[in-house]
Undergrad: 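Quick one: this structure, given as C-alpha cells, is what I'll be asking you about.
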Number of protein chains: 2
Amino acid sequence: MPTDRTPPRGTPAHGRPADAAAAHGTGGGARSDGTPAHGSGRPAHGSGTTAHGPGRPADAPPAEGVPGGGAGARRRGRPRKDEPALTERVVLDAGVRLLARDGLDAVTMRGLAAELGVRAASLYRYVRNKDELLDALADEQFAGIDLTRYVQDDWRAALTAMATALRRHLLARRDAARLIAGRFTTGPHSLRNIEALLTVLRGAGLSDHDAAFAAYTCVTSLFGFVAAEQNRLSAEVAAGMAPREYLDRLAGRLRAMPADRYPNVVALAGELTAPDLAARFDFAMARLLAGIDALVAAGEPR
Amino acid sequence: MPTDRTPPRGTPAHGRPADAAAAHGTGGGARSDGTPAHGSGRPAHGSGTTAHGPGRPADAPPAEGVPGGGAGARRRGRPRKDEPALTERVVLDAGVRLLARDGLDAVTMRGLAAELGVRAASLYRYVRNKDELLDALADEQFAGIDLTRYVQDDWRAALTAMATALRRHLLARRDAARLIAGRFTTGPHSLRNIEALLTVLRGAGLSDHDAAFAAYTCVTSLFGFVAAEQNRLSAEVAAGMAPREYLDRLAGRLRAMPADRYPNVVALAGELTAPDLAARFDFAMARLLAGIDALVAAGEPR
DNA sequence: ACCTGAACACCGTTCAAGT
DNA sequence: ACCTGAACACCGTTCAAGT
C-alpha cells in the first residue's frame, strides 16, 4: 500500500529535478527519495509479461556487485580480460533496470555506474552525456511493445486496441510518461509503432496528409493523457494518501470554492474527481475516434 | 499527511508557517485560494514589466553585491528595517522571472536566492521545498490567461478560440509545457480556466458527466500537443539547427529507413515532418471538436 | 583500449547562530 | 522574526593518469 509515505526526514529530501535537459552548464539536479517503492495498485510492472523486442539480451543478469571479488582494493585501469565488460547495450539495459526499480530521479550517472559496478567516469565512453542517455532510455520504453500485432481491418477496433495496450504499457513503467513527455523521441522502437498506427489509418481510407496528422494527434493526445495520469498517481504517492482519500480531499476542496465564481467547478466536483481513469481514457479515445471517423466518412463518398 | 509530522529537530521555535500545513501538499501550494492581487494584466510578461502585487518594493535592485558598501563583510541576521523584505509573493514572482529569462534548468534554489539578493537558506521560510515551488510556478503559468473571455454561445467557436489562445500562451512561456506536464496542477489559476471550459461544454448541452470528461480530454490533449511541440522546438535549439534544417534532416532519416519494414513511415516522411505545427494543432482540435460534436448531437434529439 | 581517482563547479536542504 | 554561514550528502562532467 502507498500509505507509508512522508518524505524521509533523516536524509535530505531533495526536490524533484524537473529533469535533466541541459546538455551543458548546470547539471540536472538531485534525486528525490521522496518517492517510495511505487506501490500504487495496478498490474505488476517491472519486467512482467510484456512482449520483448527481437533478439534482445532480455532481462539480463542483475549486474554483479564488485569485480575481482576480493577486498576493497580498487585499482586503476581495467581488471583482467580484454573483453570490454561494458558496452552501450549493457549500459542501456542497466539504465532501464534502474529506472524501473528506483524511478527517474534515481537515474544518475553515479547511480548507474554503481549499478554496473563501475565509476561514473567510465560511462562517458558509452554515452555522450546524461541527456543522450535519457533520450535512449525514452525510446527504450517502447522496446517491449509492438503495436503491429493489433493491425486489423476494422480500423476502429485496431486503434482502440492499440491505445489501450499503449496506455497499459506506459502505466506499467515507472515514470515512463514523465521521461517521454520531456523529450522528442524518434528512435527505432518508437518508429515501429508509428508504422503500425499509420498502417491502420491509411487502411481506414485517410489521405497521406490526414493519416500523418491523425497519427500525430493520437500520439500526442495519448501521451498527454497518460502523463497526467501518471503524475496524478505519483502526486497521490507523494502525498502519502490512498487514491480514494486523495481524490475525496480534492473533491472537497473543489466543492468548497466560491460558488459564484466557480459554479461549474463546484457543481461538477464529483465528476471532475471521478477515480476511474480508465473510463476517462476510453472516453477520450472514443471522442478522438469519432473525430477521425468524421474525416473517414467525408472521404468515403467519392 | 506529510505536513505536520517531522517537527524541526533542534529548535522548537523553528516550526513552519502555519498556513503551509493548512494548504496541504497538493498543487495549489501554500497560498490558499484567495491569492493576493497579482494584477497579471497579461500583456507584457517578459522581464521587467510584469504587474506587481500591492505594496511591493517593486523590482528592487538586482541584488547588489555587498551591503553596507564597504568590504566584503556579509553579516548574519537581517540588515535594518523590520519590513520582511521577502514574502511568498515576491519569491514566486522572482521564480516566474527566472524561469522566463533563463529556463527551467536555471530555476535552482541558489539561483532564485541570487535573483532576490539573498542566500538559498532564506527561501525555506517561504517555500517548503523546491518541488512545492515548482508546483506553484506551474500554476503561475496560467496567471496571465483568462479563458473566461472566450465564453460564448457558439460552443465550437468558443472551444477553438480557447484552444488557440492557450496554445499561444504556453508556447510564449519558456519551458511552460515541460514544467506543467511534469506535475498535477490544481491551483487557483488553473481552476479559473477549467471553469470557463466547463461553462462552454455544459452550454453545448453535455451532461455533467460528459462535460467533466470532455474538459479533461481537452486539457490533457492540448497539454500533450504543446509539450511535444515545445520539446521539438528545444530539440532544434539544442541541435543548433534552424527548424527547417532540423526537419529536413529528420525527413531524410525517415526516408532512409528500410522500406519493407517501415513502408508507411517512408512513404509519409514528408507529411510526418511537416513544419507547420499550427496546422497540425488545428487538425487535432478539429478532430476533438468533431468527436465532442457527435456527443452533443446524440444528446440533442431527446 | 578501458577504467579510475581526483577535481571542479555545481545541487537541495538543515541548522545553529547572529541581529 | 528573519536571514546567514557552514556543513552534509549529493550532482554531471573532465582529465591526467594507471593497466
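Because the structure is a prediction, the values reported are computed rather than measured. Below, read A as the first sequence line, B as the second, and so on, with proteins coming before strands; counting in each chain starts at 1.
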Undergrad: How close do Leu247(B) and Glu236(B) get, heavy atom to heavy atom, and via which atoms?
TA: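 In this case the closest contact between Leu247(B) and Glu236(B) is CG-OE2, 4.4 Å.
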
Undergrad: Mapping Arg110(A) and Ala121(B) to their closest nucleotides on DNA chain D, which lands nearer the 5' end?
TA: Ala121(B)

Undergrad: With sequence neighbours excluded, what pairs up with Asp248(B) under the salt bridge (Lys or Arg N to Asp or Glu O under 4.0 Å) test?
TA: Arg244(B)

Undergrad: Evaluate side chain to side chain contact (heavy atoms under 4.5 Å, CB included) for Thr220(B) paired with Glu229(A), printing each intermediate quantity in order.
TA: CA-CA 9 Å; Thr220(B) 58; Glu229(A) 183 169 3; over 6 Å; no

Undergrad: Take atom CZ of Arg125(B) and atom P of dC15(C), then tell me their distance rounded to the nearest Å.
TA: 13 Å

Undergrad: Please state how far atom CG in Asp105(B) lies from atom P in dG12(C), giving the value in whole angstrom units.
TA: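 Between P of dG12(C) and CG of Asp105(B): 11 Å.
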
Undergrad: Measuring to OP1 and OP2 of dC2(C), would you say a side-chain N or O of Tyr124(A) lies under 4.0 angstrom away?
TA: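 No, Tyr124(A) has no side-chain N/O under 4.0 Å of OP1/OP2 on dC2(C).
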
Undergrad: Output the rounded distance in Å from NZ (Lys130(A)) to P (dT14(D)).
TA: 14 Å

Undergrad: Rounded to whole angstrom, note down the C1' distance from dC2(C) over to dA16(D).
TA: 15 Å

Undergrad: Taking OH from Tyr126(B) and C1' from dT4(D), how many angstroms apart are they, rounded to a whole number?
TA: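 From Tyr126(B) OH to dT4(D) C1': 13 Å.
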
Undergrad: Roughly, in whole Å, what's the span from CZ in Arg128(B) to P in dT13(C)?
TA: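 In whole Å, dT13(C) P lies 12 Å from Arg128(B) CZ.
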
Undergrad: Is it the case that dG5(D) (base atoms only) and Arg119(B) (side chain only) share a donor and an acceptor within less than 3.5 Å, ignoring hydrogens and angles?
TA: no

Undergrad: Using side chain to side chain donor-acceptor pair (under 3.5 Å) as the criterion, list what pairs up with Ser190(A), not counting sequence neighbours.
TA: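 Per chain and number, Ser190(A) pairs via side chain to side chain donor-acceptor pair (under 3.5 Å) with Asp139(A).
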
Undergrad: Can a side chain N or O of Ser122(B) be found less than 4.0 Å away from OP1 or OP2 on dC2(D)?
TA: no

Undergrad: Counting side-chain heavy atoms from C-beta on, which of dT13(D), dT13(C), dC2(D) comes nearest to Asn129(A)?
TA: dT13(D)

Undergrad: Whole-Å distance between dC3(C) P and Leu123(A) CG?
TA: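 Distance check: Leu123(A) CG to dC3(C) P gives 10 Å.
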
Undergrad: Partners of Ala121(B) by side chain to side chain contact (heavy atoms under 4.5 Å, CB included), sequence neighbours excluded?
TA: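 Expected list: none.
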
Undergrad: Nearest-Å distance, CE (Met109(A)) to P (dG5(C))?
TA: 16 Å

Undergrad: For Ala94(A), which residues count as a side chain to side chain contact (heavy atoms under 4.5 Å, CB included) partner, sequence neighbours excluded?
TA: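 Partners of Ala94(A) by the side chain to side chain contact (heavy atoms under 4.5 Å, CB included) criterion, ordered by chain and then number, come out as Arg97(A), Leu112(A), Glu115(A), Leu116(A).
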
Undergrad: In this structure, which stretches of DNA chain D are paired as stems of three or more consecutive Watson-Crick or G-U pairs, both distances less than 3.5 Å?
TA: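 Stems (3+ consecutive pairs) listed as C:4-8 with D:12-16, C:12-16 with D:4-8.
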
Undergrad: Holding to salt bridge (Lys or Arg N to Asp or Glu O under 4.0 Å), I want the full list of residues that pass it with Arg249(B), two or more places apart in sequence or in another chain.
TA: Glu245(B)

